[in-house]
Amino acid sequence: MGKNGHTDGVAEIPFPSTPGGPPGVEVFDLPGWTERIGRHGVGAYAPVRPAFHVLITVRTGRLPCAVDLTDCVVDSGSWLWVRPGQVLRLRSGPAAQGTVVVFQAGFLDAATVAAAHIDRRAWRLPLAPAPEAQAPVRDTLEMLTSEYHRLGNLPLEVHVDVVRHLLAVLVLRLAHLPGGLRNPTAGDLTFRRFQRAVEEGFGHTHRVEDYAARLGYSVRTLTRASTAAVGLGAKAFIDNRVVLEAKRLLLHTELPAGAIGDRLGFPNSSVFTKFFRHRTGETPAGFRARAHGSGT
């Protein structure tokens with residue numbers, strides 16, 4: 001890791017703990033996000049990789065941004081949910097007013113973590129609550145914000161518990177917005193274990209057989225669980241994760257293709273280039289030139 005927490009051209013942002021507040025969660029206005037990443041020497045519009053969950057909602061205006069390689073605009077009433085490890089980049093545009101909630105998964109109880117599927121990526125960016133869901137989500141955020149800033153009105157341990165419960169209500173509502181996430185299936189636990197294993201091992205192996213052996217499942221079981229959870233077979237899920245990381249490195253660093261391929265577990269640059277071209281339709285160099293040329 002380099003100066004100010006920068007690695008691979010993207011600043012790694014640790015959780016911005018505020019002394020005296022509930023450990024594991026912060027609630028602040030949108031300009032506070034720029035202030036917090038600025039502590040790490042990062043500009044307002046630079047790409048960052050938070051090591052925690054980021055919830056952003058806009059009250060007025062519009063917030064252009066990108067999550068990994070997906071550009072989107074958060075309009076009034078919409079929500080952006082960035083998971084740990086994803087690359088977030090705000091774009092310049094008209095001033096937006098809104099609220100940011102950042103939290104560590106460990107702040108929530110295990111039942112909420114499981115029910116909210118917080119290790120899953122959102123299927124839509126941003127999340128836009130239907131009319132009937134807007135008021136409950138908005139009211140929950142208002143209660144959370146109010147309670148978070150009422151430090152001293154209750155004994156500290158009670159205050160922390162109230163904030164934890166209100167955050168749990170908020171993430172559960174957001175996780176179960178219509179179209180926000182696919183419905184849970186019987187294979188969810190299997191997929192979550194597989195997903196975590198891929199996150200830890202995609203730089204070393206791209207073989208479903210290796211993950212199946214490590215987790216004690218058959219290849220067929222992993223393929224079924226992955227297909228049910230995200231609509232992709234296990235091999236396609238692994239390959240997509242590798243492609244995503246390759247694109248991140250090509251976009252945000254100046255590493256040559258050979259070094260990126262080595263980092264992602266390929267024996268040489270030719271094999272990496274063939275893999276990348278087969279799955280994206282262009283060479284690593286072509287993707288980098290196009291992405292930089294379009295200002296991504």
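This chain uses plain numbering: 1 for the first residue, then up along the sequence.
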Residue pair [X] / [Y], side-chain heavy-atom distance below 4.5 Å:
| X | Y | result |
| --- | --- | --- |
| Ile118 | His53 | yes |
| Phe202 | Leu264 | yes |
| Tyr148 | Val101 | no |
| Val27 | Val100 | no |
| Val102 | Leu55 | no |

- Message: According to side-chain contact (heavy atoms from CB on, under 4.5 Å), who are the partners of Asn153, at least two apart in sequence or on a separate chain?
- Response: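 Arg150.
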
- Message: The criterion is side-chain contact (heavy atoms from CB on, under 4.5 Å); which residues satisfy it with Lys247, sequence neighbours excluded?
- Response: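 Lys247 satisfies side-chain contact (heavy atoms from CB on, under 4.5 Å) with Leu69, Val243, Phe276, Thr280, Phe287 once adjacent residues are dropped.
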
Pairwise distance [atom1]([X]) to [atom2]([Y]) - rounded to 0.5 angstrom:
| X | Y | atom1 | atom2 | result |
| --- | --- | --- | --- | --- |
| Thr99 | Trp33 | OG1 | CH2 | 14.5 Å |
| Ile238 | Gln195 | CD1 | CD | 12.0 Å |
| Arg241 | Leu232 | CZ | CG | 14.0 Å |
| Asp239 | Arg279 | CG | CZ | 4.0 Å |
| Leu249 | Leu244 | CG | CG | 9.5 Å |

Could you pull out the closest heavy-atom pair between [X] and [Y], with the gap in Å?
| X | Y | result |
| --- | --- | --- |
| Gly261 | Phe272 | CA-CG, 3.7 Å |
| Ile37 | Gly43 | CD1-O, 3.5 Å |
| Cys72 | Pro126 | CB-CD, 4.1 Å |
| Pro14 | Ala51 | CA-CB, 4.5 Å |
| Thr57 | Gly77 | OG1-C, 4.4 Å |
| Val113 | Ala105 | CG2-O, 3.7 Å |

- Task: State whether Tyr45 and Arg91 meet the cation-pi test: NZ (Lys) or CZ (Arg) under 6.0 Å from the six-membered ring centroid, and within 45° of the perpendicular axis.
- Result: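 Relative to the ring axis of Tyr45, which defines the angle, Arg91 lies outside at least one limit.
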
Heavy-atom donor-acceptor pair, [X] side chain to [Y] backbone, under 3.5 Å:
| X | Y | answer |
| --- | --- | --- |
| Arg288 | Pro284 | no |
| Thr145 | Leu141 | yes |
| His252 | Val48 | no |
| Asp29 | Pro31 | no |
| Asp109 | Ala111 | yes |
| Thr273 | Ser269 | yes |

Transitively linked via ILVMFWY side-chain contacts under 4.5 Å: [X] with [Y]?
| X | Y | value |
| --- | --- | --- |
| Leu172 | Val25 | no |
| Phe103 | Met143 | yes |
| Trp81 | Val73 | no |

- Query: Under 30°, 30 to 60°, or over 60°: which ring-plane class applies to Phe194 and Phe237, parallel, tilted or perpendicular?
  - Reply: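 Ring orientation, 0 to 90° scale: tilted.
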
- Parallel, tilted or perpendicular: which describes the rings of His206 and Phe266, with under 30° parallel and over 60° perpendicular?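 Rings of His206 and Phe266: tilted, as their planes differ by 30° to 60°.
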
- Item | Salt-bridge criterion met for Arg248 and Glu245 (N-O under 4.0 Å) |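 Glu245 and Arg248: salt-bridged.
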
- Item | Pair Arg277 + Glu282: basic N to acidic O under 4.0 Å |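 Result for this pair is no, no salt bridge flagged.
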
- Task: Could you walk me through whether Ile260 and Leu250 pass side-chain contact (heavy atoms from CB on, under 4.5 Å), step by step?
- Result: CA-CA 8 Å; Ile260 292 174; Leu250 288 164; 3.5 Å; yes

- Task: Decide side-chain contact (heavy atoms from CB on, under 4.5 Å) for Arg173 and Thr140; before the verdict, give the C-alpha distance in whole Å, the side-chain angles of both, and the deciding distance to 0.1 Å.
- Result: CA-CA 9 Å; Arg173 287 195 180 280; Thr140 302; 3.7 Å; yes

- Message: Hydrogens and angles aside, do Ser76 and Arg59 bring a side-chain donor and acceptor to less than 3.5 Å of each other?
- Response: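 Looking only at side-chain atoms, Arg59 and Ser76 do not form any donor-acceptor pair under 3.5 Å.
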
- When you look at Trp79 and Val74, which way does the side-chain contact (heavy atoms from CB on, under 4.5 Å) test go after all the steps? CA-CA 7 Å; Trp79 287 78; Val74 186; over 6 Å; no

- Please list, chain by chain and in numerical order, all residues satisfying side-chain hydrogen bond (donor to acceptor under 3.5 Å, both in side chains) with Asn240, sequence neighbours excluded.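 So Asn240 forms no side-chain hydrogen bond (donor to acceptor under 3.5 Å, both in side chains) with any residue.
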
- Message: Restricting to side-chain hydrogen bond (donor to acceptor under 3.5 Å, both in side chains), what partner residues turn up for Ser78, sequence neighbours left out?
- Response: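 By the side-chain hydrogen bond (donor to acceptor under 3.5 Å, both in side chains) rule, Ser78 matches no residue at all.
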
Check residues 158-171 and write down every donor-acceptor pair under 3.5 Å in which the side-chain atom is one partner and the other belongs to a residue at least two apart or another chain.
from, atom 1, to, atom 2, distance (Å)
His159, ND1, Glu147, O, 3.4
His159, ND1, Glu147, OE2, 3.2
Asp161, OD1, Arg164, NH1, 2.7
Arg164, NE, Phe107, O, 2.7

- Message: Strictly by side-chain hydrogen bond (donor to acceptor under 3.5 Å, both in side chains), give each pair with a member in residues 210-223 just once, sequence neighbours left out.
- Response: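 Only Arg193-Tyr217, Glu200-Arg214, Thr205-Asp210, Arg207-Asp210, Ser218-Thr221 qualify under side-chain hydrogen bond (donor to acceptor under 3.5 Å, both in side chains).
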
- Task: Test Leu88 against Arg83 for side-chain contact (heavy atoms from CB on, under 4.5 Å), laying out the working first.
- Result: CA-CA 9 Å; Leu88 169 63; Arg83 267 66 171 185; over 6 Å; no

